[in-house]
Protein chains: 2
Amino acid sequence: MSKIHDVAKRANVSIATVSRVVNPGRHKVNPETAEKVRAAVKELNYRPNALARALQMKKSMTIGVIIPDISNHYYAEIVGGIQGVADKAGYNIILQNTDRDPDQIVKSIYLLREKIVDGIIFSGGTINGYEPLSALKELRDRVVVIGRHDVDFPAIMVDNIAGATLAVEHLIELGHSRIGLIGWSENSTTAKDRLSGYKNALAQNSYPYDQSLICQGSLTPESGYNQAKILLSRENRPSAIFAGNDQMAFGAVYAAIEMGLRVPEDLAVIGFDNIPLSSFFVPPLSTIAVPMSELGSDSMETLIGLIAGEQVARIKLHKTKLIVRKSTLSK
Amino acid sequence: MSKIHDVAKRANVSIATVSRVVNPGRHKVNPETAEKVRAAVKELNYRPNALARALQMKKSMTIGVIIPDISNHYYAEIVGGIQGVADKAGYNIILQNTDRDPDQIVKSIYLLREKIVDGIIFSGGTINGYEPLSALKELRDRVVVIGRHDVDFPAIMVDNIAGATLAVEHLIELGHSRIGLIGWSENSTTAKDRLSGYKNALAQNSYPYDQSLICQGSLTPESGYNQAKILLSRENRPSAIFAGNDQMAFGAVYAAIEMGLRVPEDLAVIGFDNIPLSSFFVPPLSTIAVPMSELGSDSMETLIGLIAGEQVARIKLHKTKLIVRKSTLSK
DNA sequence: ATGAAAGCGCTAACAC
DNA sequence: GTGTTAGCGCTTTCAT
């Protein structure tokens with residue numbers, strides 16, 4: 001692989017001149033000389049070494065993305081959104097999977113710092129501890145988080161409370177009063193917010209909050225299935241279920257059908273996320289649409305602003321939308 | 001951010017010594033000195049600059065992954081598999097999305113070369129042209145492809161022909177003779193292979209190959225829905241449909257139900273891929289399981305072998321598996 | 001407009 | 001066992 005030196009020799013100029021034509025704009029260079037250099041570049045198939053350049057410029061044009069798991073649809077969409085704007089701006093992204101493991105998270109941050117990333121986008125898992133925070137400190141002005149984290153970085157969030165309220169109010173309007181909730185981990189702020197929205201909607205309509213209607217899955221269809229089975233075999237079972245995400249909603253529908261209940265006639269089910277398959281489910285699933293890809297693109301735009309030294313909003317809240325399909329048709 | 005020089009000063013040693021304790025193994029260093037250095041490292045929160053190290057060592061511990069689209073489940077799983085083994089081996093991955101656009105592919109390769117990646121894993125889209133091939137040339141011994149590409153790099157593949165044969169033979173055993181196929185682009189070797197498997201199964205059972213049973217979708221549920229509608233409104237409609245992937249199979253089931261056909265009683269449907277949701281579909285979808293994550297991990301293992309200068313297999317074929325669920329129960 | 005040379009932060013000969 | 005020094009390939013003053 002040829003280096004700047006080779007090109008300089010070939011074009012009979014100094015390496016400084018080569019650098020100037022390879023990075024146009026900052027300095028003038030004689031058009032003829034430039035042409036000679038460009039010819040040499042082409043002949044030698046020269047490509048500047050980004051490592052060397054980054055070392056010198058203290059700018060790697062690389063950003064780090066820390067997520068729990070890329071094979072999870074939600075994060076894949078986010079990363080897709082990040083990629084889209086990163087590409088256009090000339091940034092590359094280094095991916096770090098953490099499985100939400102605090103040690104992994106800390107390790108990832110250190111690793112990205114070693115690789116001299118220009119910034120970090122963090123999503124999923126928690127970042128509140130002393131370790132991750134102090135590790136992130138050195139990049140303080142170049143970090144954006146997706147989701148609520150109670151830390152002092154610009155945050156891109158989904159209005160989960162409003163979304164959940166939307167879902168449950170929809171169910172209430174349909175005439176349901178006993179509404180089951182399949183939530184998940186108490187450690188997740190997202191889960192907590194969706195639960196809050198559920199409670200809000202009940203309170204606004206003066207319905208009691210009944211603990212026996214609440215259970216916890218783990219975001220998988222399997223867990224939705226299991227929890228729905230439990231919920232539906234109680235006496236005085238709910239006539240509607242609000243599942244914390246579409247995956248669990250699918251599991252819940254499946255459980256209902258297996259138990260001889262019809263959806264939506266005997267049980268209404270609504271999910272959260274609006275994954276692509278939800279409209280092709282049988283019955284098509286009502287849900288709350290979350291603009292995942294936008295979360296990603298917005299976070300990258302924010303990071304770019306941060307890197308440019310701009311003032312950026314402390315919080316950006318993205319709206320959700322109620323999508324009514326067959327799984328919650330009239331009671 | 002502190003540099004090796006700061007640590008050296010703090011510990012009252014030379015930078016060479018610091019380097020030696022930071023990268024243990026190669027050289028001996030007095031335990032006491034080492035301890036002093038480690039203390040200084042900790043106090044200054046020193047982290048070696050990976051860029052500088054990579055520049056010197058000509059090894060970045062970073063590999064490039066080129067795929068069409070990370071928000072596609074298939075590629076997300078592959079990348080997940082790659083990540084898993086990359087992490088353990090100390091590699092980071094830089095992601096490049098191409099949308100299968102040849103220009104983007106070439107650009108991605110150049111970009112990764114500039115970033116001095118230690119290797120590249122390529123999946124999806126085509127790589128046969130002169131441009132991408134010559135761009136890849138400089139990394140010749142450090143490239144592995146996933147899927148069939150008729151190029152001289154180690155390839156990790158799925159036995160799509162055998163898988164499709166499996167699917168169609170299953171349908172034939174069930175008594176179906178008119179079996180529709182929803183395929184996709186003729187440019188895709190995967191699509192071609194799955195079509196070949198379909199033809200093989202028919203031939204082995206002396207069934208005719210009827211062009212009117214073949215149509216092309218685009219891997220989305222929408223397209224599966226549309227194509228199934230066409231197939232099912234022909235007179236002498238098929239009694240079974242083999243869809244090129246699960247997404248299209250979902251669409252096909254949906255179309256059938258909309259047309260008043262029962263699945264599997266009036267129409268059997270089988271997909272391909274075995275995405276997680278397929279077992280929670282209503283009815284649960286029969287399909288051919290593809291070990292996507294394994295494809296990723298295997299490709300990374302192969303690349304690591306390549307980097308280590310080992311001899312690696314030219315081709316590794318991964319087996320598929322027939323998963324029978326309700327969507328193809330007896331005719 | 002162009003070249004010489006310093007230096008980005010690190011590793012690895014090579015001396016001692 | 002430890003220090004000195006020469007690069008890795010590039011960008012960027014500073015001269016000219």
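Here the structure is a predicted model, which means the values were calculated and not measured. For the numbers below, each heavy atom of this structure counts, side chains included, while hydrogens, waters and symmetry mates do not. To find a chain, count down the sequence lines: A is the first, B the second, and so on, and within it residues start at 1.
- You'll find the side chain of B/Ile94 reaches within 4.5 Å of the side chain of B/Gln96, heavy atoms only.
- A/Lys3 and A/Asn49 share no donor-acceptor pair across their side chains, judged by distance under 3.5 Å alone.
- What separates CZ of B/Arg53 from P of C/dC8 is a distance of 19 Å, to the nearest Å.
- Atom pair B/His5:NE2 and C/dT11:C1' shows a separation of 16 Å (rounding to whole Å applied).
- Distance B/Lys28 NZ to C/dA12 P: 16 Å, rounded to the nearest Å.
- Contact check, A/Thr17 against C/dG3: a side-chain N or O comes under 4.0 Å of OP1 or OP2.
- At a cut-off of 3.5 angstrom, the base of C/dG7 holds at least one donor-acceptor pair with the side chain of A/Gln56.
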Write down the protein N/O and nucleotide N/O pairs, taken from nucleotides 13-16 of chain C, whose separation is under 3.5 Å; answer none if there are no such pairs.
| residue | atom | partner | partner atom | Å |
| --- | --- | --- | --- | --- |
| C/dA13 | N6 | B/Arg20 | NH2 | 3.3 |

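- The shortest distance between the side-chain N/O atoms of A/Thr33 and the OP1/OP2 oxygens of C/dT2 is below 4.0 Å.
- In terms of position along DNA chain D, the nucleotide closest to B/Val29 lies nearer the 5' end than the nucleotide closest to the other residue of the pair A/Met1 and B/Val29.
- At the heavy-atom level, B/Ile15 lies under 4.0 Å from base atoms of the strands shown.
- Here the closest heavy-atom approach between residue A/Ala11 and residue A/Val37 is recorded as CB-CA, 4.0 Å.
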List the atom pairs, with distances to 0.1 Å, where a side-chain N or O of residues 50-60 of chain B and a protein N or O form a donor-acceptor pair under 3.5 Å, not counting sequence neighbours.
| residue | atom | partner | partner atom | Å |
| --- | --- | --- | --- | --- |
| B/Lys59 | NZ | B/Tyr91 | OH | 2.8 |
| B/Lys59 | NZ | B/Asp118 | OD2 | 3.1 |
| B/Ser60 | OG | B/Thr62 | N | 3.3 |
| B/Ser60 | OG | B/Ile116 | O | 2.7 |
| B/Ser60 | OG | B/Asp118 | OD1 | 3.4 |

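- As judged by a 4.0 angstrom heavy-atom cut-off over every strand, A/Ser19 is placed among the base-contacting residues.
- Checked for salt-bridge contact, B/Asp152 and B/Arg314 meet the test: a charged N lies under 4.0 Å from a carboxylate O.
- From the 5' end on, the contacts that DNA chain D makes with chain B at under 4.0 Å to a non-hydrogen atom open and close at D/dG1 to D/dG9.
- By the side-chain contact (heavy atoms from CB on, under 4.5 Å) test, A/Val85 pairs with A/Ser297, A/Met300, A/Glu301, A/Ile304, sequence neighbours left out.
- Formation of a donor-acceptor pair under 3.5 Å by the A/Thr302 side chain with backbone atoms of A/Asp298 is found in this model.
- Here the shortest heavy-atom pairing between A/Gln104 and A/Asn97 reads OE1-O, 3.9 Å.
- Across the interface with DNA chain C, nearest-nucleotide mapping of A/Asn12 and B/Leu55 shows A/Asn12 to be the residue nearer the 5′ end.
- In the region residues 39-50 of chain A, proximity to DNA chain D at under 4.0 angstrom, judged on heavy atoms, holds for A/Tyr46, A/Arg47, A/Pro48, A/Asn49.
- With hydrogens and angles ignored, the 3.5 Å screen pairs a side-chain donor or acceptor of B/Asn30 with a backbone N or O of B/Glu32.
- When the ring-ring contact (aromatic ring centres under 6.0 Å, His included) test is applied to B/Tyr75, no partner is found at least two apart in sequence or on another chain.
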Checking B/Thr98 against B/Ile67 for the side chain to side chain contact (heavy atoms under 4.5 Å, CB included) test, could you report, in this order, the C-alpha distance in whole Å, the side-chain angles of both residues, the deciding distance, and whether it holds? CA-CA 6 Å; B/Thr98 64; B/Ile67 54 171; over 6 Å; no
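- Nearest to the side-chain atoms of B/Asn23 among the listed nucleotides C/dT2, C/dT11, C/dG9 stands C/dT11.
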